[in-house]
Amino acid sequence: MALIAPRVTAGLPAGEAGSLARALEDSNDITVFVDGTVHRLPAQARDAVVDLLARLGRGETVTVGSVEEMLTTSQAAELAGISHTYLRNMTDRGEIPVEYRGSHRRIRQADIMAWLEHQKFEDQKRHQDKAAAGHAGEAE
């Protein structure tokens, strides 16, 4: 599968970004209209669209691109938002599975996505634990 060149979009002006951020706050209900027809997006597509809109809502410049199923360490690190060195260390420790093509490491996109989901879950758990600890302190 060939990669399609990424598309870079500048962040939104502050007023539009703020309006979009407020609209997305605590919302998972995103309706998409294409040529006047309503489309319900599968969960993965919905999550990608919400993430894109949230980033634009924060005024960030975003890049949308495709990735191949088997990624180089550079592609995998970029997708995960981590450094190449950190990714290589994780593969050395066995935290992310790796395949070798000669001396070159290749990482499955699904393994990076699973790691990202695990990170998201752990972050949510830490947030909930912090909130619970705060409520326990208020009760005393």
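Fair warning: this is a prediction, and the values are worked out from it, not measured in the lab.
- Rounding to the nearest 0.5 angstrom, the gap separating the CG atom in L79 from the CE atom in M113 is 5.5 Å.
- Residues forming a side-chain hydrogen bond (donor to acceptor under 3.5 Å, both in side chains) with Q119 (at least two apart in sequence, or on another chain): none.
- For D47, there are no side-chain hydrogen bond (donor to acceptor under 3.5 Å, both in side chains) partners, not counting sequence neighbours.
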Would you list the atom pairs, donor with acceptor, under 3.5 Å between side chains in residues 36-43 and any protein atom, with sequence neighbours excluded?
none

For residues 86-106, run the donor-acceptor check on the side chains, cut-off 3.5 Å, and write out each pair with its distance to 0.1 Å, sequence neighbours left out.
unit_1, atom_1, unit_2, atom_2, d
R88, NH2, T85, OG1, 3.3
N89, ND2, T85, O, 3.4
T91, OG1, R88, O, 2.7
T91, OG1, R105, NH1, 2.6
D92, OD1, R105, NH1, 2.9
D92, OD1, R105, NH2, 3.4
R93, NE, E95, OE2, 2.4
R93, NH2, E95, OE2, 3.2
E99, OE1, R101, NH2, 3.4
E99, OE2, R108, NE, 3.3
E99, OE2, R108, NH2, 2.9
R105, NH1, R88, O, 3.4

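- In this structure, V50 is not a member of the same hydrophobic cluster as F121, with clusters built from ILVMFWY side-chain heavy atoms closer than 4.5 Å.
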Problem - Residues R55, D51; criterion salt bridge (charged side-chain N to carboxylate O under 4.0 Å, His left out); working and verdict - result: CA-CA 6 Å; R55 290 169 190 265; D51 183 56; 2.8 Å; yes
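- Between G59 and A17, the shortest heavy-atom contact is N-CB, 3.9 Å.
- Taking both residues in full, the closest heavy atoms of A77 and H84 are given as CB-CD2, 3.8 Å, listed atom of the first, atom of the second, then distance.
- In this structure, NE2 on H118 lies 9.0 Å from NZ on K125, to the nearest 0.5 angstrom.
- Side chain of Q75 to backbone of T72: a donor-acceptor contact under 3.5 angstrom is found.
- In this view, A80 and I82, I112, W115, L116 satisfy the side-chain contact (heavy atoms from CB on, under 4.5 Å) rule, not counting sequence neighbours.
- D123 pairs by the salt bridge (charged side-chain N to carboxylate O under 4.0 Å, His left out) definition with R126, not counting sequence neighbours.
- Annotation: side chain of V8 is not in contact with side chain of V62 (no heavy-atom distance under 4.5 Å).
- Interatomic distance, OG1 of T9 versus CD of E60, reported as 12.5 Å (0.5 Å rounding).
- Remark: A54 pairs with L24, R58 by the side-chain contact (heavy atoms from CB on, under 4.5 Å) rule, at least two apart or across chains.
- The distance from the CG atom of L71 to the CD1 atom of I107 is 7.0 Å, given to the nearest 0.5 Å.
- Every side-chain contact (heavy atoms from CB on, under 4.5 Å) that K120 has, sequence neighbours left out, goes to E117, Q124.
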